[in-house]
2 protein chains.
Amino acid sequence: MFSIGDLSKRTKVKIPTIRYYEEMGLLSAPERTEGNQRRYDAAGMERLSFIKHARDLGFSLEAISELIDLQGHPDRSCKAATDIATARLSEVRAKIKRLRALEKELNRISKGCNGDGVSEHCYVLASLADHELCRHEH
Amino acid sequence: MFSIGDLSKRTKVKIPTIRYYEEMGLLSAPERTEGNQRRYDAAGMERLSFIKHARDLGFSLEAISELIDLQGHPDRSCKAATDIATARLSEVRAKIKRLRALEKELNRISKGCNGDGVSEHCYVLASLADHELCRHEH
DNA sequence: TCTTGAACCTCTAGTCACTAGAGATACTAC
DNA sequence: GTAGTATCTCTAGTGACTAGAGGTTCAAGA
(Lines give C-alpha, C1' and ligand atoms only; values in the text may rest on other atoms or scores of the structure.)
Protein backbone atom coordinates (compact mmCIF):
# COMPACT_ATOMS: atom_id res chain seq x y z
CA MET A 1 0.00 0.00 0.00
CA PHE A 2 1.20 3.49 -0.87
CA SER A 3 0.75 6.72 1.00
CA ILE A 4 -0.20 9.80 -0.98
CA GLY A 5 3.41 10.93 -0.75
CA ASP A 6 4.67 7.67 -2.28
CA LEU A 7 2.18 8.04 -5.09
CA SER A 8 3.23 11.60 -5.64
CA LYS A 9 6.91 10.68 -5.90
CA ARG A 10 6.34 7.78 -8.25
CA THR A 11 3.93 9.50 -10.61
CA LYS A 12 5.32 13.03 -10.27
CA VAL A 13 1.86 14.37 -9.59
CA LYS A 14 1.77 16.82 -6.69
CA ILE A 15 -0.08 15.82 -3.55
CA PRO A 16 -2.75 18.55 -3.66
CA THR A 17 -3.35 17.62 -7.28
CA ILE A 18 -3.97 14.00 -6.36
CA ARG A 19 -6.52 15.09 -3.78
CA TYR A 20 -8.03 17.39 -6.37
CA TYR A 21 -8.44 14.51 -8.83
CA GLU A 22 -10.18 12.53 -6.13
CA GLU A 23 -12.52 15.42 -5.41
CA MET A 24 -13.29 15.70 -9.13
CA GLY A 25 -14.13 12.01 -9.30
CA LEU A 26 -11.23 10.99 -11.54
CA LEU A 27 -9.67 8.89 -8.82
CA SER A 28 -11.91 6.85 -6.59
CA ALA A 29 -11.54 7.47 -2.89
CA PRO A 30 -8.92 5.07 -1.53
CA GLU A 31 -8.90 3.19 1.73
CA ARG A 32 -7.88 5.07 4.84
CA THR A 33 -5.75 4.19 7.84
CA GLU A 34 -7.28 4.38 11.28
CA GLY A 35 -5.80 7.85 11.47
CA ASN A 36 -7.64 8.88 8.28
CA GLN A 37 -4.70 8.91 5.92
CA ARG A 38 -5.09 7.70 2.33
CA ARG A 39 -3.60 4.32 1.37
CA TYR A 40 -3.49 3.37 -2.31
CA ASP A 41 -3.13 0.01 -4.03
CA ALA A 42 -1.52 -0.77 -7.39
CA ALA A 43 -4.77 -0.10 -9.24
CA GLY A 44 -4.93 3.40 -7.78
CA MET A 45 -1.41 4.05 -8.90
CA GLU A 46 -2.09 2.85 -12.43
CA ARG A 47 -5.13 5.03 -12.64
CA LEU A 48 -3.13 8.04 -11.58
CA SER A 49 -0.39 7.24 -14.12
CA PHE A 50 -3.04 7.07 -16.81
CA ILE A 51 -4.36 10.49 -15.82
CA LYS A 52 -0.88 11.96 -15.66
CA HIS A 53 0.06 10.68 -19.07
CA ALA A 54 -3.15 11.93 -20.62
CA ARG A 55 -2.71 15.34 -18.98
CA ASP A 56 0.83 15.54 -20.35
CA LEU A 57 -0.66 14.96 -23.77
CA GLY A 58 -2.98 17.89 -23.14
CA PHE A 59 -6.27 16.07 -22.62
CA SER A 60 -8.73 17.98 -20.46
CA LEU A 61 -9.92 16.42 -17.23
CA GLU A 62 -13.31 16.07 -18.87
CA ALA A 63 -11.87 14.10 -21.78
CA ILE A 64 -9.88 11.96 -19.36
CA SER A 65 -13.03 11.27 -17.42
CA GLU A 66 -14.66 9.99 -20.61
CA LEU A 67 -11.66 7.84 -21.41
CA ILE A 68 -11.81 6.33 -17.94
CA ASP A 69 -15.50 5.56 -18.36
CA LEU A 70 -14.68 3.86 -21.66
CA GLN A 71 -12.27 1.52 -19.93
CA GLY A 72 -15.31 -0.07 -18.32
CA HIS A 73 -16.99 -0.65 -21.70
CA PRO A 74 -14.59 -2.62 -23.93
CA ASP A 75 -17.36 -3.24 -26.45
CA ARG A 76 -17.58 0.35 -27.60
CA SER A 77 -14.43 1.84 -26.16
CA CYS A 78 -12.15 1.63 -29.16
CA LYS A 79 -14.09 3.80 -31.57
CA ALA A 80 -14.96 6.38 -28.93
CA ALA A 81 -11.44 6.54 -27.55
CA THR A 82 -10.01 6.98 -31.01
CA ASP A 83 -12.48 9.79 -31.61
CA ILE A 84 -11.30 11.59 -28.51
CA ALA A 85 -7.64 11.17 -29.45
CA THR A 86 -8.32 12.32 -33.00
CA ALA A 87 -10.17 15.38 -31.81
CA ARG A 88 -7.24 16.22 -29.60
CA LEU A 89 -4.91 15.76 -32.56
CA SER A 90 -6.89 18.29 -34.59
CA GLU A 91 -6.71 20.75 -31.73
CA VAL A 92 -2.97 20.34 -31.53
CA ARG A 93 -2.55 20.81 -35.26
CA ALA A 94 -4.69 23.93 -35.27
CA LYS A 95 -2.69 25.31 -32.39
CA ILE A 96 0.60 24.66 -34.14
CA LYS A 97 -0.66 26.47 -37.20
CA ARG A 98 -1.68 29.51 -35.20
CA LEU A 99 1.57 29.56 -33.29
CA ARG A 100 3.60 29.41 -36.50
CA ALA A 101 1.84 32.54 -37.74
CA LEU A 102 2.52 34.22 -34.42
CA GLU A 103 6.12 33.22 -34.58
CA LYS A 104 6.56 34.91 -37.93
CA GLU A 105 4.78 37.99 -36.70
CA LEU A 106 6.78 38.27 -33.49
CA ASN A 107 9.98 37.63 -35.31
CA ARG A 108 9.24 40.45 -37.69
CA ILE A 109 8.25 42.76 -34.86
CA SER A 110 11.24 42.13 -32.66
CA LYS A 111 13.71 42.23 -35.52
CA GLY A 112 12.34 45.53 -36.80
CA CYS A 113 13.81 47.42 -33.89
CA ASN A 114 17.55 47.34 -33.42
CA GLY A 115 17.09 47.74 -29.68
CA ASP A 116 19.94 50.04 -28.89
CA GLY A 117 20.26 53.74 -29.37
CA VAL A 118 17.67 56.30 -28.55
CA SER A 119 14.72 56.27 -30.86
CA GLU A 120 11.45 57.95 -30.23
CA HIS A 121 9.70 55.54 -32.52
CA CYS A 122 9.75 51.97 -31.28
CA TYR A 123 8.82 49.46 -33.92
CA VAL A 124 7.55 46.92 -31.39
CA LEU A 125 5.14 49.37 -29.85
CA ALA A 126 4.13 50.75 -33.22
CA SER A 127 3.43 47.27 -34.55
CA LEU A 128 1.25 46.44 -31.62
CA ALA A 129 -0.62 49.72 -31.89
CA ASP A 130 -1.25 49.40 -35.59
CA HIS A 131 -2.61 46.17 -36.90
CA GLU A 132 -2.18 47.41 -40.47
CA LEU A 133 1.53 46.74 -40.14
CA CYS A 134 0.83 43.02 -39.79
CA ARG A 135 1.35 40.75 -42.72
CA HIS A 136 -0.94 38.00 -41.43
CA GLU A 137 -4.32 37.45 -39.99
CA HIS A 138 -4.50 36.41 -36.38
CA MET B 1 -17.41 59.82 -28.05
CA PHE B 2 -18.07 56.11 -28.03
CA SER B 3 -20.22 54.03 -25.74
CA ILE B 4 -18.80 50.78 -24.42
CA GLY B 5 -20.92 48.94 -26.97
CA ASP B 6 -19.45 50.96 -29.87
CA LEU B 7 -15.97 50.19 -28.60
CA SER B 8 -16.82 46.55 -28.30
CA LYS B 9 -18.09 46.34 -31.87
CA ARG B 10 -15.16 48.19 -33.36
CA THR B 11 -12.42 46.37 -31.48
CA LYS B 12 -14.18 43.00 -31.16
CA VAL B 13 -13.47 42.93 -27.45
CA LYS B 14 -16.47 41.87 -25.40
CA ILE B 15 -18.07 44.39 -23.08
CA PRO B 16 -17.36 42.58 -19.79
CA THR B 17 -13.77 42.18 -20.93
CA ILE B 18 -13.45 45.93 -21.49
CA ARG B 19 -14.72 46.55 -17.97
CA TYR B 20 -12.33 43.91 -16.71
CA TYR B 21 -9.37 45.65 -18.36
CA GLU B 22 -10.42 48.87 -16.70
CA GLU B 23 -10.62 47.14 -13.33
CA MET B 24 -7.14 45.67 -13.89
CA GLY B 25 -5.76 49.13 -14.67
CA LEU B 26 -4.95 48.45 -18.33
CA LEU B 27 -7.49 50.96 -19.51
CA SER B 28 -7.89 54.20 -17.64
CA ALA B 29 -11.36 54.95 -16.37
CA PRO B 30 -13.18 56.94 -19.06
CA GLU B 31 -15.54 59.86 -18.65
CA ARG B 32 -19.08 59.09 -17.69
CA THR B 33 -22.43 60.49 -18.76
CA GLU B 34 -24.70 62.05 -16.17
CA GLY B 35 -26.38 58.66 -16.01
CA ASN B 36 -23.04 56.98 -15.17
CA GLN B 37 -22.40 55.32 -18.50
CA ARG B 38 -18.86 55.12 -19.91
CA ARG B 39 -17.95 57.40 -22.83
CA TYR B 40 -14.64 56.83 -24.62
CA ASP B 41 -12.57 59.08 -26.84
CA ALA B 42 -10.26 58.10 -29.71
CA ALA B 43 -7.32 57.62 -27.34
CA GLY B 44 -9.31 55.10 -25.33
CA MET B 45 -10.13 53.21 -28.46
CA GLU B 46 -6.52 53.12 -29.60
CA ARG B 47 -5.44 51.86 -26.25
CA LEU B 48 -7.97 49.07 -26.38
CA SER B 49 -6.89 48.15 -29.93
CA PHE B 50 -3.32 47.92 -28.71
CA ILE B 51 -4.35 45.59 -25.90
CA LYS B 52 -6.45 43.47 -28.24
CA HIS B 53 -3.67 43.10 -30.74
CA ALA B 54 -1.14 42.19 -28.08
CA ARG B 55 -3.55 39.65 -26.55
CA ASP B 56 -4.07 38.09 -29.97
CA LEU B 57 -0.32 37.68 -30.13
CA GLY B 58 -0.49 35.89 -26.78
CA PHE B 59 1.04 38.51 -24.52
CA SER B 60 -0.13 38.24 -20.92
CA LEU B 61 -1.97 41.15 -19.35
CA GLU B 62 1.09 41.69 -17.19
CA ALA B 63 3.36 41.99 -20.23
CA ILE B 64 0.88 44.32 -21.89
CA SER B 65 0.84 46.45 -18.81
CA GLU B 66 4.62 46.80 -19.05
CA LEU B 67 4.40 47.66 -22.73
CA ILE B 68 1.87 50.36 -21.96
CA ASP B 69 4.12 51.83 -19.30
CA LEU B 70 6.94 51.90 -21.83
CA GLN B 71 4.88 54.02 -24.17
CA GLY B 72 5.33 56.83 -21.67
CA HIS B 73 9.14 56.50 -21.70
CA PRO B 74 10.35 56.78 -25.30
CA ASP B 75 13.95 57.10 -24.12
CA ARG B 76 14.21 53.52 -22.93
CA SER B 77 11.16 51.94 -24.47
CA CYS B 78 12.71 50.40 -27.54
CA LYS B 79 15.16 48.05 -25.85
CA ALA B 80 12.71 46.99 -23.17
CA ALA B 81 9.85 46.48 -25.60
CA THR B 82 12.06 44.40 -27.85
CA ASP B 83 13.05 42.28 -24.86
CA ILE B 84 9.43 41.57 -24.06
CA ALA B 85 8.64 40.68 -27.66
CA THR B 86 11.71 38.47 -27.89
CA ALA B 87 10.80 36.65 -24.68
CA ARG B 88 7.35 36.02 -26.09
CA LEU B 89 8.94 34.72 -29.28
CA SER B 90 10.97 32.18 -27.30
CA GLU B 91 7.86 31.04 -25.50
CA VAL B 92 6.06 30.56 -28.78
CA ARG B 93 8.94 28.60 -30.25
CA ALA B 94 9.18 26.36 -27.21
CA LYS B 95 5.47 25.73 -27.37
CA ILE B 96 5.60 24.83 -31.04
CA LYS B 97 8.35 22.35 -30.31
CA ARG B 98 6.36 20.68 -27.56
CA LEU B 99 3.22 20.57 -29.65
CA ARG B 100 5.05 18.97 -32.56
CA ALA B 101 6.15 16.13 -30.30
CA LEU B 102 2.58 15.75 -29.06
CA GLU B 103 1.31 15.73 -32.59
CA LYS B 104 3.54 12.80 -33.49
CA GLU B 105 2.55 10.99 -30.36
CA LEU B 106 -1.18 11.50 -30.83
CA ASN B 107 -0.94 10.59 -34.46
CA ARG B 108 0.73 7.33 -33.57
CA ILE B 109 -1.83 6.62 -30.85
CA SER B 110 -4.91 7.34 -32.90
CA LYS B 111 -3.63 5.54 -35.98
CA GLY B 112 -2.77 2.42 -34.00
CA CYS B 113 -6.41 1.54 -33.55
CA ASN B 114 -8.54 0.94 -36.60
CA GLY B 115 -11.58 2.19 -34.71
CA ASP B 116 -14.21 -0.17 -35.98
CA GLY B 117 -14.92 -3.70 -35.00
CA VAL B 118 -15.12 -5.01 -31.50
CA SER B 119 -11.80 -5.34 -29.78
CA GLU B 120 -11.25 -5.82 -26.12
CA HIS B 121 -7.86 -4.20 -26.38
CA CYS B 122 -7.99 -0.56 -27.38
CA TYR B 123 -4.67 0.84 -28.49
CA VAL B 124 -5.56 4.39 -27.49
CA LEU B 125 -6.36 3.40 -23.96
CA ALA B 126 -3.39 1.07 -23.75
CA SER B 127 -1.07 3.80 -24.96
CA LEU B 128 -2.33 6.21 -22.37
CA ALA B 129 -2.04 3.64 -19.61
CA ASP B 130 1.48 2.64 -20.53
CA HIS B 131 4.02 5.35 -21.04
CA GLU B 132 6.56 2.77 -22.19
CA LEU B 133 4.77 2.65 -25.52
CA CYS B 134 5.70 6.26 -26.18
CA ARG B 135 8.57 7.05 -28.48
CA HIS B 136 9.20 10.52 -27.08
CA GLU B 137 9.63 12.34 -23.87
CA HIS B 138 6.86 14.68 -22.83
C1' DT C 1 -43.71 64.58 -24.17
C1' DC C 2 -44.14 59.82 -23.49
C1' DT C 3 -43.08 55.16 -24.13
C1' DT C 4 -40.74 51.17 -25.35
C1' DG C 5 -36.93 48.36 -25.81
C1' DA C 6 -32.15 48.03 -26.23
C1' DA C 7 -28.03 49.16 -23.93
C1' DC C 8 -25.87 49.99 -19.86
C1' DC C 9 -24.74 49.77 -14.69
C1' DT C 10 -22.77 47.03 -10.42
C1' DC C 11 -22.15 42.95 -8.03
C1' DT C 12 -21.48 38.14 -7.26
C1' DA C 13 -20.17 33.76 -8.65
C1' DG C 14 -18.40 30.39 -11.98
C1' DT C 15 -14.80 28.55 -15.34
C1' DC C 16 -10.19 25.28 -15.57
C1' DA C 17 -6.64 22.94 -13.35
C1' DC C 18 -4.48 23.55 -10.11
C1' DT C 19 -1.44 26.03 -6.00
C1' DA C 20 -0.63 28.06 -1.38
C1' DG C 21 -1.19 28.43 3.33
C1' DA C 22 -3.16 27.77 8.05
C1' DG C 23 -3.82 25.02 11.76
C1' DA C 24 -4.47 20.47 13.43
C1' DT C 25 -3.49 15.45 13.60
C1' DA C 26 -0.91 11.03 12.48
C1' DC C 27 2.86 8.30 11.45
C1' DT C 28 7.79 6.62 11.86
C1' DA C 29 12.42 6.13 13.43
C1' DC C 30 15.28 6.46 17.13
C1' DG D 1 8.55 8.72 24.58
C1' DT D 2 9.72 12.15 21.52
C1' DA D 3 11.12 14.63 17.55
C1' DG D 4 10.36 15.59 13.05
C1' DT D 5 8.13 14.64 8.91
C1' DA D 6 3.86 13.53 6.54
C1' DT D 7 -0.72 13.98 6.26
C1' DC D 8 -5.44 15.86 7.11
C1' DT D 9 -9.27 19.50 5.99
C1' DC D 10 -10.54 23.94 4.76
C1' DT D 11 -10.30 28.34 2.59
C1' DA D 12 -8.65 31.37 -0.75
C1' DG D 13 -5.89 32.69 -4.79
C1' DT D 14 -4.22 32.26 -9.80
C1' DG D 15 -5.27 34.25 -15.07
C1' DA D 16 -8.34 35.99 -18.10
C1' DC D 17 -12.23 36.12 -18.59
C1' DT D 18 -17.76 34.68 -18.74
C1' DA D 19 -22.57 34.46 -17.02
C1' DG D 20 -26.39 36.01 -14.63
C1' DA D 21 -29.34 38.85 -11.50
C1' DG D 22 -31.55 42.90 -10.73
C1' DG D 23 -31.73 47.58 -11.57
C1' DT D 24 -31.00 52.16 -14.37
C1' DT D 25 -30.31 55.02 -18.61
C1' DC D 26 -30.41 56.12 -23.27
C1' DA D 27 -32.26 56.93 -28.09
C1' DA D 28 -35.79 56.65 -31.45
C1' DG D 29 -40.40 56.77 -32.82
C1' DA D 30 -45.54 58.14 -31.98
Side-chain angles (χ1 to χ4, degrees), chain A residues 1-27 29-40 44-45 47-48 50-68 84 87-88 91 95 98 102 138, chain B residues 1-27 29-40 44-45 47-48 50-68 84 87-88 91 95 98 102 138:
Chain A
M1 301 293 271
F2 314 102
S3 70
I4 197 168
D6 293 337
L7 222 65
S8 172
K9 263 171 226 140
R10 284 170 191 245
T11 60
K12 274 151 197 156
V13 176
K14 286 182 190 150
I15 291 173
T17 306
I18 297 174
R19 290 197 276 247
Y20 172 74
Y21 289 162
E22 181 183 327
E23 201 190 328
M24 295 296 102
L26 285 166
L27 283 175
E31 289 176 42
R32 300 273 184 146
T33 62
E34 284 192 7
N36 199 35
Q37 298 194 355
R38 291 166 179 83
R39 285 300 113 103
Y40 296 89
M45 183 132 96
R47 167 69 64 88
L48 182 56
F50 179 93
I51 297 169
K52 171 72 157 74
H53 191 188
R55 281 297 295 140
D56 285 346
L57 289 167
F59 289 86
S60 68
L61 294 191
E62 204 192 336
I64 294 171
S65 190
E66 281 181 65
L67 290 168
I68 287 171
I84 293 173
R88 175 75 196 130
E91 278 169 38
K95 207 157 191 173
R98 277 193 46 231
L102 290 188
H138 46 243
Chain B
M1 302 294 271
F2 314 104
S3 71
I4 197 167
D6 294 337
L7 221 64
S8 172
K9 261 171 229 141
R10 284 170 191 244
T11 60
K12 275 151 196 154
V13 176
K14 287 181 189 154
I15 290 174
T17 305
I18 297 173
R19 289 196 277 246
Y20 173 74
Y21 289 162
E22 181 183 327
E23 202 190 329
M24 295 296 101
L26 285 165
L27 284 175
E31 289 177 42
R32 301 272 185 145
T33 62
E34 285 192 8
N36 199 35
Q37 299 193 356
R38 290 166 178 83
R39 283 303 113 100
Y40 296 88
M45 183 133 94
R47 167 70 64 89
L48 182 56
F50 178 93
I51 297 170
K52 171 70 156 74
H53 191 188
R55 283 295 296 139
D56 285 346
L57 289 167
F59 289 86
S60 68
L61 294 191
E62 204 191 336
I64 294 171
S65 191
E66 282 180 64
L67 289 168
I68 287 172
I84 293 173
R88 175 75 194 129
E91 278 170 37
K95 205 156 193 177
R98 278 193 44 234
L102 290 187
H138 47 239

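Throughout, a chain's letter reflects where its sequence line sits, starting with A, and its residues are numbered from 1.
- Within residues 31-39 of chain B, the residues approaching DNA chain C are B:Arg32, B:Asn36, B:Gln37, B:Arg38, by heavy-atom distance under 4.0 Å.
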Please assess A:Leu48 against A:Tyr40 for the test side chain to side chain contact (heavy atoms under 4.5 Å, CB included), listing each intermediate value before the final yes or no. CA-CA 10 Å; A:Leu48 182 56; A:Tyr40 296 89; over 6 Å; no
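- Remark: A:Glu66 engages no residue in a side chain to side chain donor-acceptor pair (under 3.5 Å) (not counting sequence neighbours).
- Distance check, rounded to the nearest 0.5 Å: CZ of A:Arg98 to NZ of B:Lys95 gives 9.0 Å.
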Could you list the protein-to-nucleotides 13-15 of chain C atom pairs, N/O on both sides, closer than 3.5 Å?
none

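- With rounding to whole Å, A:Leu27 atom CG is found 15 Å from C:dA17 atom P.
- If you measure from atom NZ of A:Lys9 to atom P of D:dA6, you get 6 Å, rounded to the nearest angstrom.
- Between A:Tyr21 and C:dA17, a side-chain N or O to OP1/OP2 separation shorter than 4.0 Å is absent.
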Quick one: which protein N/O atoms are closer than 3.5 Å to N/O atoms of nucleotides 19-23 of chain C? Pair and distance per line, please.
from	atom 1	to	atom 2	distance (Å)
C:dT19	OP2	A:Thr17	OG1	3.1

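- Both B:Leu61 and A:Asp6 lie close to DNA chain D; mapped to their nearest nucleotides by heavy-atom distance, the more 5′-ward contact belongs to A:Asp6.
- Whole-Å rounding puts the A:Arg55 CZ to C:dC16 P distance at 12 Å.
- Using a 4.0 Å heavy-atom cutoff across all strands shown, A:Phe59 reaches no nucleic acid atom at all.
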Could you tabulate the donor-acceptor pairs under 3.5 Å formed by side-chain atoms of residues 15-27 of chain B, not counting sequence neighbours?
from	atom 1	to	atom 2	distance (Å)
B:Glu22	OE1	B:Arg38	NE	2.8

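- Comparing the start and finish of the helix from C:dT1-D:dA30 to C:dC30-D:dG1, five pairs each, the helix axis swings through 10°, to the nearest 10 degrees.
- Here D:dT14 presents its P atom at 12 Å from CD of B:Glu62, a figure rounded to the nearest Å.
- In A:Arg39, the CZ atom is crowded: over 12 heavy atoms of neighbouring residues, nucleotides or ligands sit closer than 6.0 Å.
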Would you check, one step at a time, whether the test side chain to side chain contact (heavy atoms under 4.5 Å, CB included) holds for A:Phe59 with A:Ile84? CA-CA 9 Å; A:Phe59 289 86; A:Ile84 293 173; 3.8 Å; yes
Check step by step if side chain to side chain contact (heavy atoms under 4.5 Å, CB included) holds for A:Ile51 and A:Ile68. CA-CA 9 Å; A:Ile51 297 169; A:Ile68 287 171; 4.1 Å; yes
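- In this structure, the CD1 atom of A:Ile15 is 11 Å from the C1' atom of D:dT5, given to the nearest Å.
- Rounded to an integer number of Å, the gap from CG of A:Leu26 to C1' of C:dC18 is 13 Å.
- Going from atom CD of B:Gln37 over to atom CD1 of B:Ile4 covers 9.5 Å, rounded to the nearest 0.5 Å.
- Separating the CD1 atom in A:Ile64 from the CZ atom in A:Arg47 is a distance of 11.0 Å, to the nearest 0.5 Å.
- D:dG13 atom P lies 13 Å from atom CE of B:Met24, rounded to whole Å.
- The interatomic distance linking A:Glu23 (CD) with C:dC16 (P) rounds to 13 Å, in whole Å.
- The minimum heavy-atom distance between B:Arg10 and B:Met45, with the atom names listed, is CD-CE, 3.4 Å.
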